[in-house]
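Here is the structure we will look at, set down as structure tokens.
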Amino acid sequence: MVFINMAFDEDVWELCRKIPRGKVSTYKGLADALDTKAYQAVGNAMNRNPRGAWTTSGSDVVPCHRVINSDGKIGGFAIGVEKKIGLLSREGVVIKDNKVDLKKYLFRF
DNA sequence: TCGAATGACAGCG
DNA sequence: CGCTGTCATTCGA
């Protein structure tokens, strides 16, 4: 599954945008969709934060908060994992012990 | 459980 | 200008 080859970061953000509300994706999923093995690069791209994607999920920015570890753990978040959990919870994603039910909320590209 | 791999960027020499 | 280290990670031994 190949997309436009951009600055890598834009590809990542583009995929993040495709994640529907109420679902989550994993760094591995994004990396795999981009045909790359740099899982860290995916998260790193978001960490750089393209344009303050730290708003609620209803904004016109990249919902980076829907991307978590392949294990379902939140991993980390620039503004704080708690905020990320809050956003996901607001979308209907139930988080248990800092983990998400990938079986129910994992979105596949 | 620990280390290597992978991509990009910031910092330092 | 070039190299090393770091980072929201993942997989293999």
Side-chain angles (χ1 to χ4, degrees):
Chain A
M1 192 167 185
V2 61
F3 282 87
I4 43 181
N5 289 289
M6 268 210 236
F8 194 87
D9 294 6
E10 303 216 352
D11 279 357
V12 175
W13 309 331
E14 189 73 46
L15 287 170
C16 285
R17 264 194 194 170
K18 288 159 112 170
I19 302 172
R21 191 170 88 94
K23 291 225 165 181
V24 296
S25 183
T26 62
Y27 294 104
K28 187 182 185 302
L30 293 172
D32 191 55
L34 292 172
D35 192 49
T36 183
K37 298 138 211 109
Y39 313 106
Q40 284 194 324
V42 177
N44 199 15
M46 301 201 192
N47 179 273
R48 296 287 166 178
N49 221 342
R51 29 187 138 215
W54 320 123
T55 54
T56 42
S57 47
S59 294
D60 53 70
V61 294
V62 183
C64 308
H65 61 270
R66 288 186 196 142
V67 185
I68 56 180
N69 289 17
S70 61
D71 288 0
K73 280 197 302 202
I74 304 298
F77 206 50
I79 54 167
V81 181
E82 297 180 28
K83 189 87 177 167
K84 188 169 182 177
I85 293 171
L87 288 167
L88 290 171
S89 191
R90 197 189 95 89
E91 298 190 351
V93 178
V94 179
I95 298 174
K96 192 172 179 66
D97 196 34
N98 283 335
K99 283 186 262 182
V100 180
D101 292 308
L102 293 176
K103 294 188 167 166
K104 296 180 174 221
Y105 304 108
L106 178 59
F107 170 71
R108 304 192 187 202
F109 294 104

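None of these values were measured; they are calculated from a predicted model. Naming: A, B, ... by sequence-line order, numbering from 1 per chain. Computation of the quantities below employed the complete heavy-atom set of this structure, encompassing side-chain atoms and omitting hydrogens, waters and symmetry-equivalent molecules.
In this structure, A/R17 CZ and A/E10 CD are separated by 9.5 Å, a value rounded to the nearest 0.5 Å. Rounding to the nearest 0.5 angstrom, the gap separating the CG atom in A/N69 from the NZ atom in A/K28 is 13.0 Å. Separation of atoms CD1 (A/I68) and CD1 (A/I95) is listed at 7.5 Å; rounding is to 0.5 Å. Put simply, CG on A/D101 and NZ on A/K96 are 8.5 Å apart, with the number rounded to the nearest 0.5 Å. With values rounded to the nearest 0.5 angstrom, A/I85 atom CD1 is found 12.0 Å from A/H65 atom NE2.
Under the rule for a side-chain contact (heavy atoms from CB on, under 4.5 Å), A/D71 has no partner lying at least two apart in sequence or in another chain. Listed by chain and residue number, nothing satisfies the side-chain contact (heavy atoms from CB on, under 4.5 Å) test with A/K37 (two or more places apart in sequence, or in another chain). Evaluation of the side-chain contact (heavy atoms from CB on, under 4.5 Å) rule for A/S89 yields no partner, not counting sequence neighbours.
With rounding to whole Å, A/N47 atom CG is found 14 Å from B/dG7 atom C1'. In this structure, A/D32 places its CG atom 14 Å from C1' of B/dT6, rounding to the nearest Å. In this structure, A/D35 atom CG and B/dG7 atom C1' are separated by 13 Å, rounded to whole Å.
Ranking B/dG7, C/dA8, B/dA8 by closeness to the A/D9 side chain, first place goes to B/dA8.
Side chain of A/R66 to backbone of A/S25: no donor-acceptor contact under 3.5 angstrom is found. Put simply, the side chain of A/K84 gets close to the backbone of A/V67: a donor and an acceptor are under 3.5 Å apart.
Scanning DNA chain B for stems, defined as runs of 3 or more consecutive Watson-Crick or G-U wobble pairs whose donor-acceptor distances all fall under 3.5 Å, gives the following ranges: B:1-5 with C:9-13, B:7-13 with C:1-7.
For the P atoms, the distance linking C/dG2 with B/dT6 amounts to 24 Å, nearest Å.
Aromatic ring centroids of A/F107 and A/F109 lie under 6.0 Å apart.
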Which pairs, protein N/O on one side and nucleotides 9-13 of chain C N/O on the other, fall under 3.5 Å?
| unit_1 | atom_1 | unit_2 | atom_2 | d |
| --- | --- | --- | --- | --- |
| C/dT9 | N3 | A/Q40 | NE2 | 3.3 |
| C/dT9 | O4 | A/Q40 | NE2 | 3.1 |
| C/dT10 | OP1 | A/S70 | N | 2.4 |
| C/dT10 | OP1 | A/S70 | OG | 3.3 |
| C/dT10 | OP2 | A/N69 | ND2 | 3.4 |

Are any protein N/O atoms closer than 3.5 Å to N/O atoms in nucleotides 4-6 of chain C? If there are, list each pair with its distance.
none

